[in-house]
Amino acid sequence: MNYWIFKTEPAECSIDDFANAPEQAIVWEGVRNYQARNFLRDAVKIGDQVLIYHSSCRVIGLAGIVEVVRAAYADPSQFQTDSPYYDKTATTEQPRWTAVDLRYLTRFSQVVRLDKIKSSVMMKNHSLTQRGNRLSVMPLSKEQWQSLLDLQ
DNA sequence: GCCAACGTTGGC
DNA sequence: GCCAACGTTGGC
């Protein structure tokens, strides 16, 4: 099993959206960065666990855990002309972007805030804590995963 | 709202 | 293939 952090703006999709649909598969779409896409396409597998990180909001940090219930497939939003994620260069024969499906596991009683994450030795050199980081899909080692859970 | 950092685009 | 310009991200 692999461990990940997925970044999201809670105004778009938050841990509450998962918690309010506890048995449902939720489509993780709209990733439009090649490095993040490559992780989704090549490395994110069924059963992997994912920390949900809330960005660009009042309380920035880790909000809970979800699991992967469907591995890589063509992101449907790239074909939807009315979607902000529409990509006219993508075709069903040659899709450009990748989605996965996620399902709720846990919501933290309190968000593990970014400043606390930055204080973790295990996360010192992780891209999440680097200034200017924009990657929205980030791998975690088992040790990093555990250290983040221990911050709760 | 500001602005630093970053990824992408496009002219050459 | 280089790199300046531009648009976006994201913490503060």
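By convention in this document, chain letters (A, B, ...) are assigned in the order of the sequence lines, proteins followed by strands, and residues within each chain are numbered from 1.
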N/O donor to acceptor pairs below 3.5 angstrom from side-chain atoms of residues 3-11 of chain A, sequence neighbours left out:
residue	atom	partner	partner atom	Å
A/Y3	OH	A/K142	NZ	3.4
A/W4	NE1	A/D48	OD2	3.0
A/K7	NZ	A/L135	O	3.2
A/T8	OG1	A/C13	O	2.7

Whole angstrom value for the distance that separates P of B/dG7 from NZ of A/K7: 11 Å

Within residues 50-65 of chain A: residues closer than 4.0 Å to DNA chain C (heavy atoms): A/Y53, A/S55, A/S56, A/I60

Would you list the atom pairs, donor with acceptor, under 3.5 Å between side chains in residues 33-44 of chain A and any protein atom, with sequence neighbours excluded?
residue	atom	partner	partner atom	Å
A/N33	OD1	A/Q35	N	3.1
A/N33	OD1	A/A36	N	2.9
A/Y34	OH	A/R96	NH1	3.0
A/R37	NH1	A/R96	O	2.6
A/N38	OD1	A/R41	NH2	3.4
A/N38	ND2	A/Y34	O	3.3

Partner residues of A/V59 under the side chain to side chain contact (heavy atoms under 4.5 Å, CB included) criterion, sequence neighbours left out: A/V111, A/R113

A/Y104 side chain to A/N20 side chain, donor-acceptor N/O pair below 3.5 angstrom: no

Side chains of A/F18 and A/R103 in contact at under 4.5 Å (non-hydrogen atoms): no

Closest heavy-atom pair and its distance - A/A63, A/H54: CB-CE1, 3.4 Å

From A/K88, A/R32, A/E29, residue fulfilling side chain to side chain contact (heavy atoms under 4.5 Å, CB included) relative to A/Q78: A/R32

Listing, residues 116-126 of chain A side-chain donor-acceptor contacts under 3.5 Å, not counting sequence neighbours, or none:
residue	atom	partner	partner atom	Å
A/K116	NZ	A/L151	O	2.7
A/S119	OG	A/K116	O	2.5
A/S120	OG	A/M122	N	3.3
A/S120	OG	A/M123	N	3.4
A/H126	ND1	A/L128	N	3.0
A/H126	NE2	A/P139	O	2.8

Could you run down the sub-3.5 Å N/O contacts of the protein with nucleotides 8-11 of chain B?
none

